[in-house]
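By convention in this document, chain letters (A, B, ...) are assigned in the order of the sequence lines, proteins followed by strands, and residues within each chain are numbered from 1.
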Protein chains: 2
Amino acid sequence: MFDLRDLPDATTLEGFGKRFPELDVSALQVVLRLARLGEDLVRLMQDGLMRDGLSLRRFFVLVLLARNAEGLRAVGLAKKMGVTKATVSEVLAGMARDKLVLSSADPEDSRAQLVTLSEQGKALLDAVLPGHYQRLAGVVEGLDGDERAELLRLLAIVGNRLG
Amino acid sequence: MFDLRDLPDATTLEGFGKRFPELDVSALQVVLRLARLGEDLVRLMQDGLMRDGLSLRRFFVLVLLARNAEGLRAVGLAKKMGVTKATVSEVLAGMARDKLVLSSADPEDSRAQLVTLSEQGKALLDAVLPGHYQRLAGVVEGLDGDERAELLRLLAIVGNRLG
DNA sequence: CTTGTATAGTTAGGGTCCTAACCAAATTGC
DNA sequence: GCAATTTGGTTAGGACCCTAACTATACAAG
């Protein structure tokens, strides 16, 4: 996780625009600020969850399993989380050790295992989720309904370029 | 770096709002999308720079040193980058080994060293920056001037809560 | 049936970043 | 001037995530 504490200010970008005239300075401003904000948000999530004794990746595993009660394969988790199966393999090993998840043989494929939430996993998630979401929601308290809708619209446009 | 490939959809959040009525669902949507977009942007920067043989953290060191020609201390770099001095110490060691930066004694404090760009460092940065900024700018091509201004305004409001 | 390829999962090794402990120089307070 | 604290920097060890190589099962084609 990397963080842009010191975004180039308007003057710097201005000067840069002169050196490279083909450059789109206003675009840069927007993108850099977006990146910075995203990083800060991830950090906010991480810090809050850490206080609940949960790493961000473990939290995501819990959320995804709660949303897929029938169970998920490791590969499925990896795709949904945007990490490699190696990473999932590791985090699942730890979570199984801590009894947060259960795994059973997948009847449709003997190579695969179906991972599900344990009772402890469910309980932990229920304990953590409300606080987590409250912390996140607090961040956009300053925006009214119209502004939130407009922000979502603009983010969707940008997001389409990143697919 | 972690990534939310699978954001909860409107229905999921809806259901969640029923279980926890005090929850601000529209706020959640905005925040999660912002976090996701920020992550994607960081990944975009990283991938592009990697192809130029530069890690993101090395890139930031180069940019910060270019912006502070008189030199920076390791601690100053750490603050501007949002990482610890331990991390800076490590990356500077590697960059000095590769002759991208120079360090000289700080006349005002014999514990500190002033780090500056070497000629190779400058050359590398100049070679990499235009492409880097082009890639970033491409992301917001879909927004016109008014939309960019509005997006910046909204992001500033959100950012104030995270400051 | 057998050979080739794709897929589920694990393991080893490396990069990045953190905290904690440490050293040395600077600063502060008596 | 000297003890206590602060500050600049390094090192060790751990967390998280990656790629690459491996095992084992599934599947597809001849």
Open item on the list: Minimum heavy-atom separation for B:L117 and B:L102, please, with both atom names.
Closed with: O-CD1, 4.1 Å
Task: Short side-chain N/O contact to D:dT10 OP1/OP2 from B:S89, under 4.0 Å - done: yes
- [ ] Compare side-chain N and O positions of B:S55 against OP1 and OP2 of C:dT16 and report whether any pair is under 4.0 Å apart.
- [x] yes
Task: Full working for salt bridge (Lys or Arg N to Asp or Glu O under 4.0 Å) between A:E150 and B:R153 - done: CA-CA 11 Å; A:E150 176 67 2; B:R153 188 182 75 81; over 6 Å; no
- [ ] Using a heavy-atom cut-off of under 4.0 Å over every strand shown, decide if B:S110 touches base, sugar-phosphate, or nothing.
- [x] sugar-phosphate
- [ ] Using a 4.0 Å heavy-atom cut-off across all strands, classify A:A74 as base, sugar-phosphate, or nothing.
- [x] sugar-phosphate
Open item on the list: So, does B:T84 get its side chain near the phosphate of C:dT19, meaning an N or O under 4.0 Å from OP1 or OP2?
Closed with: no
Open item on the list: As a test of reading the structure: which of D:dA20, D:dG9, D:dA26 is closest to the side chain of A:R111, going by heavy atoms?
Closed with: D:dA26
- [ ] Report yes if at least one side-chain N or O of B:R73 is closer than 4.0 Å to OP1 or OP2 of D:dG9; otherwise report no.
- [x] no
- [ ] When you get a sec, tell me which of D:dC17, D:dG8, C:dC17 is the closest nucleotide to the side chain of B:V75?
- [x] D:dG8
- [ ] Quick one: label B:E90 by what it contacts on the DNA or RNA (base, sugar-phosphate, nothing), any heavy atom closer than 4.0 Å.
- [x] base
- [ ] May I ask you to say what B:D109 touches in the nucleic acid, namely base, sugar-phosphate or nothing, with a heavy-atom cut-off under 4.0 Å?
- [x] sugar-phosphate
